[in-house]
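Encoded as structure tokens, the structure appears first; notes follow it.
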Amino acid sequence: MAKLSFLSMGVILFLCCCSVIAGMAPADPGYSKYKDPSQPVHARIRDLMRRMTLQEKIGQMTQVDSSVVTPEILKNYSIGSVLSGGGVSPFPRAKARDWMDMVNRFQNSSLSSRLGIPIIYGIDAVHGHNNVYQATIFPHNVGLGATRDPDLVKRIGAATALEVRATGINYAFAPCIAACRDPRWGRCYESYSEDPSIVKAMTSIIPGLQGEIPAGGRKGVPYLGGKDKVLACAKHYVGDGGTTRGINENNTVTDWHGLLSIHMPGYYKAIIEGVSTIMVSYSSWNGMKMHANRFLVTDFLKNTLKFRGFVISDWKGIDKITTPPGANYTYSVQMGISAGIDMVMVPFNHTVFIDALTQLVNDNVIPMSRIDDAVERILRVKFMMGLFENPLGDQTYLSQLGSQDHRDLAREAVRKSLVLLKNGQNADPPVLPLAKNASKILVAGSHANNLGYQCGGWTITWQGGSGNNLTSGTTILGAISKAVDLETEVVFSENPDADFVKSHNFSYAIVVVGELPYAETAGDSKNLTLADRGEDIISKVCSSVKCVVVVVSGRPVTIEPLVANMDALVAAWLPGSEGEGVADVLFGDYGFTGKSPMTWFKTVDQLPMNVGDPHYDPLFPLGFGLATEPTGGQ
Ligand SMILES: *[C@@H]1O[C@H](CO)[C@@H](O)[C@H](O)[C@H]1NC(C)=O
Ligand SMILES: *[C@@H]1O[C@H](CO)[C@@H](O)[C@H](O)[C@H]1NC(C)=O
Ligand SMILES: *[C@@H]1O[C@H](CO)[C@@H](O)[C@H](O)[C@H]1NC(C)=O
Ligand SMILES: *[C@@H]1O[C@H](CO)[C@@H](O)[C@H](O)[C@H]1NC(C)=O
Ligand SMILES: *[C@@H]1O[C@H](CO)[C@@H](O)[C@H](O)[C@H]1NC(C)=O
Ligand SMILES: *[C@@H]1O[C@H](CO)[C@@H](O)[C@H](O)[C@H]1NC(C)=O
Ligand SMILES: *[C@@H]1O[C@H](CO)[C@@H](O)[C@H](O)[C@H]1NC(C)=O
Ligand SMILES: *[C@@H]1O[C@H](CO)[C@@H](O)[C@H](O)[C@H]1NC(C)=O
Ligand SMILES: *[C@@H]1O[C@H](CO)[C@@H](O)[C@H](O)[C@H]1NC(C)=O
């Protein structure tokens, strides 16, 4: 009965009724071993690879951006993967269903290719599913490092996986496991800590995203626990956080011991946890581009560490092997593929890549064995994750996007990420927690009423945005207003003048200042100063009224001259969409528990300065963070 309907209904059942296929005997006409989930993965890989042409193999190694890919391209070239780059969306404010329809449309085209190999769909879900309107935006990694709570981070991974699946997507380019050694680096907030042991602990996000390898399961092989999980990507291999003066994509100068002890520990752990993919860094190690580093990618990562998933390039990463990028694209492809990169994030000019690689293979510059290694790794991940059995997005996950459970979890993360750096002047009693029943309070600063600012870069757009309509969430001002008594008058002024502050009888002021959103190179900074006259606002307010300063930033900032004037200082990092987590702790419903994941410098001339350095003279050392007892919100 099942067999008959399979034969008569052809391709439709072929795509969706795997149990039917699984039940068939190999002698059946139309049987393909690689489509039979009862076969072991290695047998399915071998069967599929012997059917593939060179063009189909190279297609699998190609990842194209969603903005240029078409159903025809996917089908004709047997493209292996599609991505939505930072800020790319089917259209502004697309809903989960719109995303899922787009992904399914692409997937259907791939399934209609000659061999029907499904695509993996990747996206930068780096603090929640951040490209997507109304997704839960979790604190950026630096804030998660401050929680010192690997279990929390694992739960965030699981929640993020559900939100990503809500849009039909199955692959997140996360986590970034850089050890940020210099806060001048524009990606410092993507790092959990300067301290490799904290970074290593926070790779717990990988079993959150992918699922945990069951007891007795094989450690160290790519793993995905089910349809509610997504592939993870440890990045950027290796040394991305150690570049000279924190210049993004620059040169990391360190010896072998330094590389292994500071930048590598996260990778050892990620591989044991079954991370499915690893992304190569744009940066260089001692002058050699990582995208061309055969020793570190092939000899060390694949052969010594026995990483069995696939290695992916960064966005136009192979182009950047030369200066200027793309100066000799054939050379770039040769160097990148020879180094051991398996999938190339092209992302726009797929035919140029495919033609160059095809030529290099035909000319025997790149051996077929290198292509086969790449394709085997990509297919291993695809079979392992059940992609052939479940290629399409599942609508039962639609409601997971921005769910209340996930917002509650993000709020918990915000609470635990806050680091209390100062609480009270000298012998004065502590200022925090604040009273909810004060008659009149001032909230000031550029970051108090700006959801975009508190989310930072990689939120809806690549560079992040400004304002409260960027996505859904609660600002810090909104959270304060909700937290205080109904009778309390909350006066908000972004940049009040000194007379205004003096003329009112404020019980206290909360000043929320920080950095403007940025991502990658645009975030590189030499001075690390507060944006939007943050220093002025602090001086004006704190000289007239008891003040609590909340800094919203991706990293330690230049603050030392201002601290004496403050009554309390809180590092809130980039908390994301759930500002209520800030109010929960300011008003004592919960205590402060966060510990700084970064060293706070006094002046930028001290940089780089990391814990363990011989002349360590910080404003606040790594691990600093005052505690308060919860007061039950009195
Ligand atoms: C795809 O292949 C078909 C048939 O060979 C061809 O007509 C079409 O132009 C190709 N399209 C693309 C985008 O390569
Ligand atoms: C994809 O194909 C499936 C099965 O044929 C079909 O149910 C679904 O509507 C298609 N989705 C899109 C978006 O084309
Ligand atoms: C590092 O940055 C300097 C200054 O911008 C630049 O000249 C140099 O080429 C960069 N090095 C690398 C490896 O990117
Ligand atoms: C580009 O690099 C290739 C090696 O991959 C080399 O043979 C060729 O001469 C280079 N082309 C130019 C224009 O430098
Ligand atoms: C690559 O793609 C981009 C964007 O689609 C386009 O502007 C550019 O001309 C293409 N370059 C080449 C070499 O095809
Ligand atoms: C605020 O509440 C605290 C604790 O309940 C109480 O001691 C204090 O008198 C109250 N202050 C005002 C101004 O009502
Ligand atoms: C969002 O707010 C900004 C300014 O705050 C405004 O320019 C933009 O038009 C608004 N967008 C929508 C969709 O309301
Ligand atoms: C100022 O506020 C405090 C309580 O917050 C109150 O005790 C005092 O009377 C007020 N003074 C004026 C001048 O309103
Ligand atoms: C700090 O550097 C930025 C550029 O990175 C610049 O725009 C700003 O004016 C500088 N601030 C100060 C106080 O020098």
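Whatever order the structure lists them in is the order used to number ligands and atoms, beginning at 1. Start at 1 with the first residue, then count along the sequence.
Counting only heavy atoms, the protein gets under 4.0 Å from atom 2 (O) of ligand 1. Proximity of atom 7 (O) of ligand 3 to the protein is not indicated, since no non-hydrogen protein atom lies closer than 4.0 angstrom.
Taking a cut-off of under 4.0 Å to the non-hydrogen atoms of E249, the atoms of ligand 3 that pass are 14 (O). The contact set between ligand 2 and D101, taken as ligand atoms under 4.0 Å from a residue heavy atom, comprises 13 (C).
A salt bridge does not link R105 with D101: every distance from a Lys NZ or Arg NE/NH1/NH2 to an Asp or Glu carboxylate oxygen is 4.0 Å or more.
Residue, atom and distance of the protein heavy atom nearest to atom 13 (C) of ligand 3 are S284 OG, 3.6 Å. When only non-hydrogen protein atoms are considered, atom 9 (O) of ligand 1 lies nearest to E72 OE2, 4.4 Å. The closest protein non-hydrogen atom to atom 14 (O) of ligand 3 is N250 ND2, 3.5 Å. Residue, atom and distance of the protein heavy atom nearest to atom 10 (C) of ligand 1 are N76 ND2, 2.3 Å.
Of the polar atoms of N108, at least one N or O is found under 3.5 Å from an N or O of ligand 2, judged by distance alone. Of the polar atoms of T70, none of the N or O atoms is found under 3.5 Å from an N or O of ligand 1, judged by distance alone. Note: no N/O pair closer than 3.5 Å links N251 and ligand 3 by distance alone.
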Stepwise, does the side-chain hydrogen bond (donor to acceptor under 3.5 Å, both in side chains) test hold for H129 with T167?
CA-CA 9 Å; H129 197 7; T167 57; 2.8 Å; yes
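D36 is not listed as a side-chain neighbour of Y34, based on a closest heavy-atom distance of 4.5 Å or more. The closest side-chain heavy-atom distance from C180 to W185 is below 4.5 Å.
Closest non-hydrogen pair, I341 versus I318, comes out as CD1-CG2, 4.1 Å.
A ring-centre distance under 6.0 Å is not found for F348 and F353.
Remark: side-chain polar atoms of E190 are not paired, donor with acceptor, to backbone N or O of N141 under 3.5 angstrom.
Taking the six-membered ring for Trp and thresholds of 30 and 60 degrees, W285 and F295 have nearly parallel ring planes, at less than 30 degrees apart.
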